[in-house]
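This report refers to the structure that appears directly beneath it.
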Amino acid sequence: MIVTIDGPAGAGKSTIARGLARRLGFRFLDTGAMYRAVTLAAKQRGHDWSQQEKLAELAGQLRLDVSENHVAVDGQDVTREIRTAEITNLTHYAANNPGVRAVLVELQRAAAGDHDFVTEGRDQGTIVFPHAECKIFLTASPEERARRRAHELTERGQPITVEEVLRRQNERDASDASRSVGPMVAAGDAIQVPTDGLSPEEVLDRLEAIVREKMPS
Ligand code: DC
């Protein structure tokens, strides 16, 4: 069974998708980590961001390992490095690149294989797994998302104000929603779950109930 969780940055997708996979005993894939890893690898190689085709070529050559808790590129552990503000701000080059998306979409389908799978991103229910048995679109108000993200970054030793997160988040939302390939949009058959005011446990309870209802008995 495939469960897709899409939605904007800061809606809680990562925590929730990971927790849901654990509760269900399914494998888990964080597809944003793949766009981040391509971005980091390109930056480390001194990539010229105006060269779109070169970036797609590089994505096709990299060995990406995205496991439950670690991300590696060509054997180098980059779990922490892909989460810096600099990489977050550069990732739109990879995310808006059709060639990069084509490479990563294939890797995502291969990772799912025949497994029971929870995958999170922007285009999982629309482009990557249009036949997924259960599709969730997780949302929260921009202010709530910015508050959560500022808290998370500050906890991680990268202090930032809610206003600054909100400004960058608005830019990213606009970029994610408007790209011509793989835009962030809810699949027609996705269940929308607003998470404002809910604890992660409450969101997980809700999603687990939704998935279990759709499970073949
Ligand atoms: O979820 P995240 O913040 O780690 O995602 C990083 C970037 O990658 C973000 O700008 C959206 C983009 N992304 C995407 O375009 N498609 C996906 N399936 C996942 C993430």
Side-chain angles (χ1 to χ4, degrees), residues 2-18 28-43 49 52 55-56 59 62 64 66-71 73 78-112 117-130 132 135-140 142 145-146 148-153 156 158 160 165-187 190 195:
I2 299 218
V3 179
T4 61
I5 303 188
D6 292 304
K13 292 189 306 295
S14 272
T15 314
I16 297 302
R18 202 179 290 272
F28 162 70
L29 183 66
D30 170 358
T31 63
M34 301 171 85
Y35 289 91
R36 290 171 178 272
V38 169
T39 305
L40 178 75
K43 186 184 157 268
W49 297 108
Q52 284 214 42
L55 188 60
L62 296 171
L64 296 179
V66 181
S67 66
E68 304 276 303
N69 296 311
H70 291 280
V71 181
V73 180
V78 295
T79 311
R80 288 178 64 87
E81 289 89 334
I82 61 167
R83 303 278 165 205
T84 63
E86 187 188 10
I87 295 301
T88 300
N89 294 335
L90 286 172
T91 300
H92 65 94
Y93 288 110
N96 292 343
N97 184 311
V100 172
R101 297 201 77 87
V103 169
L104 297 189
V105 164
E106 282 315 309
L107 290 178
Q108 290 157 18
R109 290 182 182 144
F117 204 63
V118 176
T119 177
E120 65 106 332
R122 304 293 188 284
D123 57 349
Q124 299 300 288
T126 49
I127 306 289
V128 189
F129 301 105
K135 301 181 185 179
I136 309 283
F137 196 80
L138 217 55
T139 61
R145 287 159 48 210
R148 290 178 187 166
R149 185 101 185 114
H151 179 72
E152 188 186 313
L153 285 169
R156 230 189 273 151
Q158 301 171 35
I160 187 162
V165 173
L166 192 56
R167 191 182 62 72
R168 292 188 196 168
Q169 181 180 279
N170 287 339
E171 286 171 10
R172 269 215 299 161
D173 282 356
S175 166
D176 278 347
S178 66
R179 69 172 148 262
S180 53
V181 276
M184 175 182 67
V185 59
T195 65

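When a ligand or atom number is given, it counts from 1 through the structure's own listing order.
Scored by the side chain to side chain donor-acceptor pair (under 3.5 Å) test, Thr119 finds Gln124 as partners (sequence neighbours excluded). Applying the ring-ring contact (aromatic ring centres under 6.0 Å, His included) test to Tyr93 and every residue at least two apart in sequence or in another chain returns Trp49.
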For this session: I would like to know whether Glu106 and Arg109 meet salt bridge (Lys or Arg N to Asp or Glu O under 4.0 Å); could you show each step before the answer?
Result: CA-CA 5 Å; Glu106 282 315 309; Arg109 290 182 182 144; 3.2 Å; yes

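Listed by chain and number, Thr31, Gly32, Tyr35, Arg36, Arg83, Thr91, Ala95, Arg101, Gly121, Arg122, Asp123, Gln124, Arg172, Asp176, Arg179 each place a non-hydrogen atom less than 4.0 angstrom from ligand 1.
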Tell me which donor-acceptor pairs under 3.5 Å the side chains of residues 33-40 have, and how far apart each pair is, sequence neighbours excluded?
from: Tyr35; atom 1: OH; to: Arg101; atom 2: NH2; distance (Å): 3.4
from: Arg36; atom 1: NH1; to: Ile82; atom 2: O; distance (Å): 3.0
from: Arg36; atom 1: NH1; to: Thr88; atom 2: OG1; distance (Å): 3.0
from: Thr39; atom 1: OG1; to: Tyr35; atom 2: O; distance (Å): 2.7

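For Val118 against Ala17, the heavy-atom pair with the smallest separation is CG1-O, 3.7 Å.
For the residue pair Thr195/Arg148, the side-chain donor-acceptor check at 3.5 Å is satisfied.
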